[in-house]
Undergrad: 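Starting off with a structure, shown below.
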Amino acid sequence: MSTLIRGGTVVNATGAVAADVLVRGEKIAALVAPGFEVQADTVIDATGKYVIPGGIDGHTHMEMPFGGTSSADTFETGTVAAAWGGTTTIIDFAVQAKGTSLLSTLDKWHAKADGNCAVDYGFHMIVSDVNDSSLKEMESCIDAGVNTFKMFMAYPGVFYATDGEILRAMQKARETGATVMMHAENGIAIDQLVAQALANGRTDPVQHGLTRPPELEGEATSRAIALAKVTGSPLYIVHLSASHALDAVTKARDTGQNVFAETCPQYLFLSLEDLAKPDFEGAKYVASPPLRPKEHQTELWRGLRTNDLSLVSTDHCPFCFKDQKELGRGDFSKIPNGMPGVEHRMDLLHQGVVRGELSLERWVEISSTTPARMFGLYPRKGVIAPGADADVVVYDPSAEQTLSAATHHMNVDYSAYEGMELTGRVDTVLSRGAVVVDGSGFHGGAGHGKFLGRDLNQYLI
Ligand code: URP
Ligand code: ZN
Ligand code: ZN
């Protein structure tokens with residue numbers, strides 16, 4: 001079975017070129033100069049459109065247990081929504097519960113995802129119980145294709161790891177070539193601020209933001225970087241939201257340390273003002289780190305341009321407003337932390353191109369190529385090139401759309417971007433050569449997506 005994607009502009013991180021893309025089976029077979037005759041079973045007309053590598057969302061939480069409930073997208077609904085938005089690979093987090101092993105955790109997450117995903121997927125591992133045995137098990141996880149380990153400086157009593165525990169895990173990462181991913185917020189200080197706010201009757205969602213000040217993200221980020229320096233471990237800061245944290249990352253990168261960071265669309269487009277929306281609506285925007293005052297956005301866009309921020313993931317962790325976010329009415333600390341977004345990352349980042357914040361190539365780089373290299377999937381993913389998986393998005397840069405819960409495909413009853421008008425929209429999506437989305441609808445299905453064992457981070461120096 002072959003498909004020719006004809007007449008478009010192929011955009012890779014390295015440049016844009018007019019070319020046709022020939023797909024054979026699951027792979028890209030060739031890029032063909034316009035005008036050369038090529039036979040194919042099917043032709044997709046991409047005239048006036050971009051042809052880009054499928055998006056890779058390196059940070060999602062499907063059906064993740066959190067705060068007494070579970071994120072609302074299953075692996076099936078979440079990956080279908082991802083496909084609609086031009087994301088053809090997700091990397092989700094397996095979550096070690098205290099007292100359990102990493103390998104049994106991995107088995108559990110395989111059981112959740114296997115046969116249920118509409119696009120390809122991999123796993124990171126959340127390490128919440130550092131001991132001799134789990135440190136040893138990190139080696140087996142790496143052999144099983146999971147070589148990125150998330151730790152938390154936040155959430156004492158739940159996921160929190162002490163500096164000593166982080167140091168030990170980083171030593172193991174240094175030994176094995178793994179990367180430690182860090183949720184960098186000073187959870188010990190934050191918990192005091194949260195208790196004080198509640199004791200003073202400050203219970204609204206905006207308090208979530210006010211009790212997690214950007215300085216405490218900056219401090220934790222600096223501390224994580226210091227621990228990585230001492231141990232020689234690669235470090236990847238997840239969901240960076242504050243200029244204070246970006247300053248620390250920039251400094252570390254300028255000294256040549258293996259420190260990387262992602263930010264998320266919510267920190268680029270939403271702000272503390274959304275968290276302050278009245279009548280508990282701010283609960284829709286509760287995630288950690290919290291949305292920041294608008295001035296941080298300028299710095300984040302700058303960081304994306306200068307590569308101090310390497311890429312953008314969603315931290316997709318949806319909880320319905322009704323019954324889930326509502327658990328925190330009268331006590332903001334009980335609002336489940338997380339926001340939906342897996343469907344809109346490619347479109348939102350395209351607004352960066354429309355607004356002149358990013359070049360076209362940088363858009364592709366931060367949404368696909370860099371995630372592929374950072375998470376050991378390149379050149380199988382993240383590039384339109386012969387031999388790569390035929391994960392291809394035909395993107396219409398001039399289509400207009402309005403985001404809304406009424407039309408999105410994520411299994412969540414609100415949109416964080418309700419009413420936002422965007423320029424650009426996904427037209428056709430191929431996942432390993434199969435058309436899963438086109439103008440006539442969704443043609444993929446649960447079970448098409450395959451588990452991706454990943455190589456080590458390809459940026460390590
Ligand atoms: O609020 C968030 N970010 N929820 C998901 C879990 C995490 O910390 O990434
Ligand atoms: Zn986190
Ligand atoms: Zn997350």
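Just so we're clear, the structure is a prediction, and the values are computed from it rather than from any experiment. In listed order, ligands and their atoms are each counted from 1.
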Undergrad: Met346 vs Thr87, test: side chain to side chain contact (heavy atoms under 4.5 Å, CB included). Steps then yes/no.
TA: CA-CA 7 Å; Met346 302 296 285; Thr87 287; 3.9 Å; yes

Undergrad: Identify the closest protein heavy atom to atom 6 (C) of ligand 1: which residue and atom is it, and at what distance?
TA: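 Scanning the protein heavy atoms, the shortest distance from atom 6 (C) of ligand 1 goes to His61 NE2, 3.6 Å.
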
Undergrad: Hey, what's the ring geometry for His59 with His239, parallel, tilted or perpendicular (30° and 60° as the breaks)?
TA: tilted

Undergrad: Can you tell which of His448, Lys450, Arg432 makes a side-chain hydrogen bond (donor to acceptor under 3.5 Å, both in side chains) with Asp120?
TA: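 That would be Arg432.
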
Undergrad: Assess the residue pair Asp163 and Arg223 against the criterion (salt bridge (charged side-chain N to carboxylate O under 4.0 Å, His left out)); give the C-alpha distance rounded to whole Å, side-chain angles, the decisive distance to 0.1 Å, and a yes or no.
TA: CA-CA 9 Å; Asp163 289 353; Arg223 188 156 34 99; 2.7 Å; yes

Undergrad: What atom name does the N, O or S atom of His183 nearest to the Zn ion (ligand 2) carry?
TA: ND1

Undergrad: Should the pair His296 and His244 be assigned to parallel (<30°), tilted (30 to 60°) or perpendicular (>60°) ring geometry?
TA: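 Taking His244 first and then His296, their aromatic rings lie parallel (interplane angle under 30°).
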
Undergrad: Which protein non-hydrogen atom lies closest to atom 1 (O) of ligand 1, naming both residue and atom, and how far is it?
TA: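 Protein heavy atom with the smallest distance to atom 1 (O) of ligand 1: Ser288 N, 2.8 Å.
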
Undergrad: If the cut-off is 2.8 Å, does any N/O/S atom of His59 fall short of it from the Zn ion (ligand 3)?
TA: yes

Undergrad: Can you tell which part of Cys317 has a heavy atom less than 4.0 Å from ligand 1: side chain, backbone, both or neither?
TA: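 Looking at Cys317 and ligand 1, just side chain atoms fall under 4.0 Å.
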
Undergrad: Short list, please: which atoms of ligand 1 are under 4.0 Å from a heavy atom of Ala287?
TA: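 Near Ala287, meaning under 4.0 Å from one of its heavy atoms, ligand 1 has 1 (O).
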
Undergrad: How are the rings of His409 and Trp84 set relative to one another: parallel (under 30°), tilted (30 to 60°) or perpendicular (over 60°)?
TA: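 Parallel, since the angle between the ring planes stays under 30°.
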
Undergrad: Measure from the Zn ion (ligand 3) to every N/O/S atom of Asp315 and report the name of the nearest one.
TA: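 Considering only N, O and S atoms, Asp315 comes nearest to the Zn ion (ligand 3) through OD1.
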
Undergrad: Could you find the nearest protein heavy atom to atom 3 (N) of ligand 1 and give me its residue, atom name and distance?
TA: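 I find the closest protein heavy atom is Asp315 OD2, 2.6 Å.
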
Undergrad: Is the closest heavy atom of Phe152 to ligand 1 under 4.0 Å?
TA: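 Right, Phe152 reaches ligand 1.
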
Undergrad: Does the pair Asp254/Lys251 count as a salt bridge with the N-to-O cut at 4.0 Å?
TA: no

Undergrad: Looking at Arg174, I want to see if its CZ is surrounded by more than 12 non-hydrogen atoms of other residues, nucleotides or ligands under 6.0 Å.
TA: no

Undergrad: Which atoms of ligand 1 sit under 4.0 Å from any heavy atom of His239?
TA: 7 (C), 8 (O), 9 (O)

Undergrad: Is the Zn ion (ligand 3) under 2.8 Å from any N, O or S atom of His61?
TA: yes

Undergrad: Could you identify the single nearest non-hydrogen protein atom to atom 4 (N) of ligand 1 and state the distance to 0.1 Å?
TA: Asn337 O, 3.0 Å

Undergrad: Can a donor-acceptor pair be found, under 3.5 Å and without considering hydrogens, that links the side chain of Asp57 to the backbone of Arg345?
TA: no

Undergrad: With a cut-off of 2.8 Å, does Lys150 place any N/O/S atom under that distance from the Zn ion (ligand 2)?
TA: yes

Undergrad: If you take the nearest heavy atom of each of His183, Met64, Gln266, Lys150, which one is closest to atom 9 (O) of ligand 1?
TA: Lys150

